[in-house]
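Have a look at the structure below, then the notes.
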Protein chains: 2
Amino acid sequence: MDAILRCCGTDRGRALDEAQATELAELFKALADPARVRLLSIVATSEGGEACACDLVEPLGRAQPTVSHHLSVLVDAGILEREKRGRWAWYRVVPERLASIRASLDATDPAPTA
Amino acid sequence: MDAILRCCGTDRGRALDEAQATELAELFKALADPARVRLLSIVATSEGGEACACDLVEPLGRAQPTVSHHLSVLVDAGILEREKRGRWAWYRVVPERLASIRASLDATDPAPTA
DNA sequence: CTAACGTATTGACCGATGTCGATCTATCGG
DNA sequence: CCGATAGATCGACATCGGTCAATACGTTAG
């Protein structure tokens, strides 16, 4: 998808309908928690752009199932991708996904000389 | 503030701490609802960049107190600003606020040649 | 095969949040 | 003043969502 906050589809200057808004809100929801923001931040700043789940529990200060849960939310939202290597799980950011969120926000810039 | 997902403050390649993540998550939380995404979208696409609350209830398909509530959330988050004119309330987007969210996401781009 | 280990899943608990009807507040028209 | 109107606030309700202990699952080591 490529939902933006205005001028999408056929009609210029058209606001999002409920379905588009729901889709976009889902994306924001995935980022609407401090634990997940930190996870994303840590993964993004990790060497080689990836991080092992085993290295994420301690810095987050939350129980292992909780961290696993948040990682799943980010993966389900398409913001992170998971790769299993042996008994470890490695996570990477999906730049295109974040770019699409940015694009949505671009569309809220001041009216382009109406 | 200007919280970003990496390389902020003194240390390069540093992830967000809990406080910074909480602050950023609050911003995402304000956008993590379809009703609020639509409100932002409608206001952003309105003539002159502003919209009267009286014109927001019907298109949202929610009760007036509900709409008022969501508008307040967006205002509290600094994403919209409210101006009372007579007995009407007008809302405008705060572009700098959305720009700061965009900046946060910029920081998650692929590692800059480590 | 079995034990140990890293993760994911389940179930329960509880606070946060979206929703609406009713009401309160403020402003305008007469 | 008085009634009407726009909007915010309150109270109640139901659902959602973050959290953890316990446990299940899959992989590696011996």
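Any value given below was found using the heavy atoms of this structure, including those in side chains, with hydrogens, waters and symmetry copies removed. Per chain, numbering begins at 1; letters A, B, ... match sequence-line order.
The salt bridge (charged side-chain N to carboxylate O under 4.0 Å, His left out) check on A:Glu81 picks up A:Arg92, with sequence neighbours excluded. Applying the side chain to side chain contact (heavy atoms under 4.5 Å, CB included) rule to A:Asp17 yields the partners A:Ala19, A:Gln20; only residues at least two apart in sequence or on another chain are considered. Residues passing the side chain to side chain contact (heavy atoms under 4.5 Å, CB included) test with A:Arg82, sequence neighbours excluded: A:Ser72, A:Val75, A:Ala89, A:Tyr91.
Side-chain atoms of A:Thr22 do not come within 3.5 Å of backbone N or O of B:Pro34 as any donor-acceptor pair.
For B:Leu24 against B:Ser104, the heavy-atom pair with the smallest separation is CD1-OG, 3.6 Å. What you find for B:Asp106 and A:Arg102 is that their closest heavy atoms are OD1-NH1, 2.5 Å. Nearest heavy-atom pair, B:Leu39 versus B:His70, reported as atom, atom and distance to 0.1 Å: CD1-CB, 3.6 Å. Taking each heavy atom of A:Ala30 and A:Leu74 in turn, the nearest pair found is O-CD2, 3.6 Å. Nearest heavy atom pair, residue B:Val37 against residue A:Leu16, reads CG1-CD2, 4.0 Å. Contact between A:Gly78 and A:Val94 at its shortest, heavy atoms only, is O-CB, 3.4 Å.
Nucleotides of DNA chain D that come within less than 4.0 Å of any heavy atom of chain A span, from the 5' end to the 3' end, D:dG17 to D:dA29. Once you apply a 4.0 Å limit to the heavy atoms of chain B, the touched nucleotides of DNA chain C run 5' to 3' over C:dT17 to C:dC28.
Within the hydrophobic cluster formed by Ile, Leu, Val, Met, Phe, Trp and Tyr side chains joined at under 4.5 Å, directly or through other members, B:Trp90 is accompanied by B:Trp88.
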For A:Val93 and A:Ile79, what are the C-alpha separation, side-chain angles and deciding distance, and is it a side-chain contact (heavy atoms from CB on, under 4.5 Å)?
CA-CA 6 Å; A:Val93 304; A:Ile79 295 172; 6.0 Å; no
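For DNA chain D, the neighbouring residues in residues 50-64 of chain A, judged by any heavy atom under 4.0 Å, are A:Arg62, A:Ala63. Near DNA chain C, meaning a heavy atom under 4.0 Å from it, residues 70-91 of chain B has B:His70, B:Gly86, B:Arg87 in order of number.
A salt bridge (Lys or Arg N to Asp or Glu O under 4.0 Å) check over residues 63-79 of chain B, counting only residues at least two apart or in different chains, returns nothing.
Note that the two end axes of the helix from C:dC1-D:dG30 to C:dG30-D:dC1 enclose an angle of 30°, each drawn from 5 base pairs, rounded to 10 degrees.
Between A:Val73 and A:Arg36, the closest side-chain pair of non-hydrogen atoms falls below 4.5 Å.
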N/O donor-acceptor pairs under 3.5 Å from side chains in residues 51-69 of chain B, not counting sequence neighbours:
{"from": "B:Arg62", "atom 1": "NH1", "to": "A:Glu18", "atom 2": "OE1", "distance (Å)": "3.2"}
{"from": "B:Arg62", "atom 1": "NH1", "to": "A:Glu18", "atom 2": "OE2", "distance (Å)": "3.4"}
{"from": "B:Arg62", "atom 1": "NH1", "to": "B:Leu60", "atom 2": "O", "distance (Å)": "3.1"}
{"from": "B:Arg62", "atom 1": "NH2", "to": "A:Glu18", "atom 2": "OE2", "distance (Å)": "2.9"}

